[in-house]
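Note that this is a predicted model, so its numbers are computed, not measured.
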Amino acid sequence: MLNSIGLANIGVQTFIEQKLPYLRTLSTRILVNIAASSIKEFCDVLRFLEEQKGIAGYEINVSCPNVKEGGMSFGTDCKMTAEITSQLRTLTTKPLIIKLTPNVTHISEFARAAESAGADAISVINTLIGMAVDIKTHKPKLSTVTGGLSGPAIKPIALAKVYEVAKAVKFRYSALVELPELEDAIEFLLVGATAVQIGTMNFVDPAISIKIIDGLENYARENKISNISTLVGALDADVKVFSPPIMVVIYEKIALFIFRLPLH
């Protein structure tokens with residue numbers, strides 16, 4: 001799914017008055033996602049929420065644009081990511097989860113920045129930057145030109161990012177992904193995710209989370225796994241196989257094979 005709906009919502013005061021009372025009645029822990037346009041706004045929102053009962057922790061969306069810095073995303077600047085994390089850390093003792101953008105060169109650097117500034121966990125990944133064009137009008141299909149790409153199509157990228165983060169930090173990290181099947185959830189646990197969030201697939205099947213949980217229980221029984229956490233980081237990445245041709249070009253009945261050659 002490619003969207004440009006932004007992060008518009010009812011605001012923290014209305015959330016506290018109209019949504020939180022119902023959420024408190026649920027027999028599960030409530031994590032609140034916070035988005036803001038400045039560090040001060042991040043802090044102000046968290047202060048309001050800290051006064052409320054029923055909130056177990058916070059997920060901080062550092063992919064938001066920093067209005068005071070010309071619209072640059074907080075999450076594409078390591079120092080800014082660390083600064084936000086550090087300031088919010090002083091305001092709460094509850095779990096602080098930093099949601100990272102994949103639109104950077106090395107996501108592991110940002111994970112380390114958040115870890116060193118006091119984050120309890122990392123959420124990987126947010127949407128990728130995407131675009132669509134109308135070939136009849138020659139105009140972008142989104143009014144914002146580019147938008148956020150999510151859904152099953154980004155799974156291979158998300159797996160790689162989670163794997164990279166898992167090797168870089170020592171604390172917990174979750175995978176924010178789309179899981180149409182049980183196998184997807186297990187893959188993310190194997191590359192190092194300690195928890196799995198489900199995003200876009202909730203629009204397709206609101207009961208997808210329950211189905212994944214039931215599937216994990218059945219998988220554990222069938223494979224005689226006493227604790228699902230034993231799958232976390234259990235990927236055997238030491239794979240030694242013959243490298244096949246990466247490209248075959250046919251030219252005038254002559255096959256040209258191009259191989260990966262070891263560098264010495």
Counting only pairs under 3.5 Å, give me each side-chain donor-acceptor contact of residues 138-147, with atom names and distances, residues two or more places apart or in other chains.
from, atom 1, to, atom 2, distance (Å)
His138, NE2, Ile135, O, 3.4
Thr144, OG1, Ser4, OG, 3.4
Thr144, OG1, Thr146, O, 2.9

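How far CD1 of Ile60 is from CZ of Arg89: 9.5 Å, rounded to the nearest 0.5 Å. Annotation: the span from Ile213 atom CD1 to Leu182 atom CG amounts to 11.5 Å, rounded to 0.5 Å. Atoms CD1 and CZ, on Ile122 and Phe110 in that order, are 11.5 Å from each other to the nearest 0.5 Å. Taking CD1 of Ile107 as the reference point, atom CZ of Arg112 lies at 11.5 Å (rounded to 0.5 Å). Between the CG atom of Leu149 and the CG atom of Asn126 there is a distance of 11.5 Å, given to the nearest 0.5 Å. Interatomic distance, Leu231 CG to Ile225 CD1, rounded to the nearest 0.5 Å: 4.5 Å.
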### Message
What verdict does the side chain to side chain contact (heavy atoms under 4.5 Å, CB included) test give for Ile154 and Ile125, after you've listed the backbone C-alpha separation in whole Å, the side-chain angles of each residue and the deciding distance to 0.1 Å?
### Response
CA-CA 10 Å; Ile154 72 169; Ile125 60 176; 4.1 Å; yes
### Task
Could you give me the CA-CA distance, side-chain angles and deciding distance for Leu88 and Cys43, then say whether side chain to side chain contact (heavy atoms under 4.5 Å, CB included) is met?
CA-CA 6 Å; Leu88 294 178; Cys43 293; 4.0 Å; yes
### From CA spacing to verdict: side chain to side chain contact (heavy atoms under 4.5 Å, CB included), Thr101, Val62
CA-CA 8 Å; Thr101 175; Val62 295; over 6 Å; no
### Message
Please determine whether side chain to side chain contact (heavy atoms under 4.5 Å, CB included) holds for the pair Phe15 and Leu23, giving the CA-CA distance in whole Å, both sets of side-chain angles, and the decisive distance to 0.1 Å.
### Response
CA-CA 10 Å; Phe15 169 77; Leu23 293 175; 3.8 Å; yes
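When side chains are defined from C-beta on, Met80 counts as touching Ile39, because their heavy atoms get closer than 4.5 Å. You'll find the side chain of Ile97 stays beyond 4.5 Å of the side chain of Asp120, heavy atoms only. With a 4.5 Å cut-off on side-chain heavy atoms, Leu235 and Tyr163 count as touching. Taking the side chain as every heavy atom from C-beta outward, Val165 and Lys161 never approach each other to under 4.5 Å.
With Asn103 contributing its side chain and Leu128 its backbone, the two residues share no donor-acceptor pair below 3.5 Å. A donor-acceptor pair under 3.5 Å is formed between the side chain of Glu164 and the backbone N or O of Ser108. At distances below 3.5 Å, not a single donor-acceptor pair connects side-chain atoms of Thr14 with backbone N or O atoms of Gly11.
Leu49 and Ile10 fall within the same hydrophobic cluster, where Ile, Leu, Val, Met, Phe, Trp and Tyr residues are linked whenever their side-chain heavy atoms come under 4.5 Å apart, directly or through other members. Cluster annotation: Met201 is not connected to Phe203 through the hydrophobic network of ILVMFWY side chains, with a link wherever side-chain heavy atoms come within less than 4.5 Å. Linking ILVMFWY side-chain heavy atoms closer than 4.5 Å, directly or via other members, places Leu2 and Val204 in a single hydrophobic cluster. Ile157 is connected to Ile198 through a chain of hydrophobic side-chain contacts under 4.5 Å among Ile, Leu, Val, Met, Phe, Trp and Tyr, so both are in one cluster. Connection of Ile55 to Tyr22 is established within a shared hydrophobic cluster, with ILVMFWY side chains joined at heavy-atom distances below 4.5 Å, either directly or through further cluster members.
By the 6.0 Å contact criterion, CD1 on Ile129 is open, its count of non-hydrogen atoms from other residues, nucleotides or ligands being 12 or less.
Summarising the geometry of Gly75 relative to Val104, their closest heavy-atom pair is O-CG1, 3.8 Å, with the distance given to 0.1 Å. Scanning all heavy atoms of the two residues, the minimum distance from Asn33 to Asn61 falls at OD1-CB, 3.9 Å. Asp44 approaches Arg47 most closely through the heavy-atom pair OD1-NH1, 3.1 Å. The shortest heavy-atom contact between Glu115 and Ala168 is OE1-O, 4.4 Å. Taking each heavy atom of Phe188 and Leu159 in turn, the nearest pair found is CE2-N, 3.5 Å. Across every non-hydrogen atom of Pro21 and Ile16, the tightest pair is CD-O, 3.3 Å.
Salt bridge annotation for Lys211-Asp214: absent, with no cationic side-chain nitrogen under 4.0 angstrom from a carboxylate oxygen.
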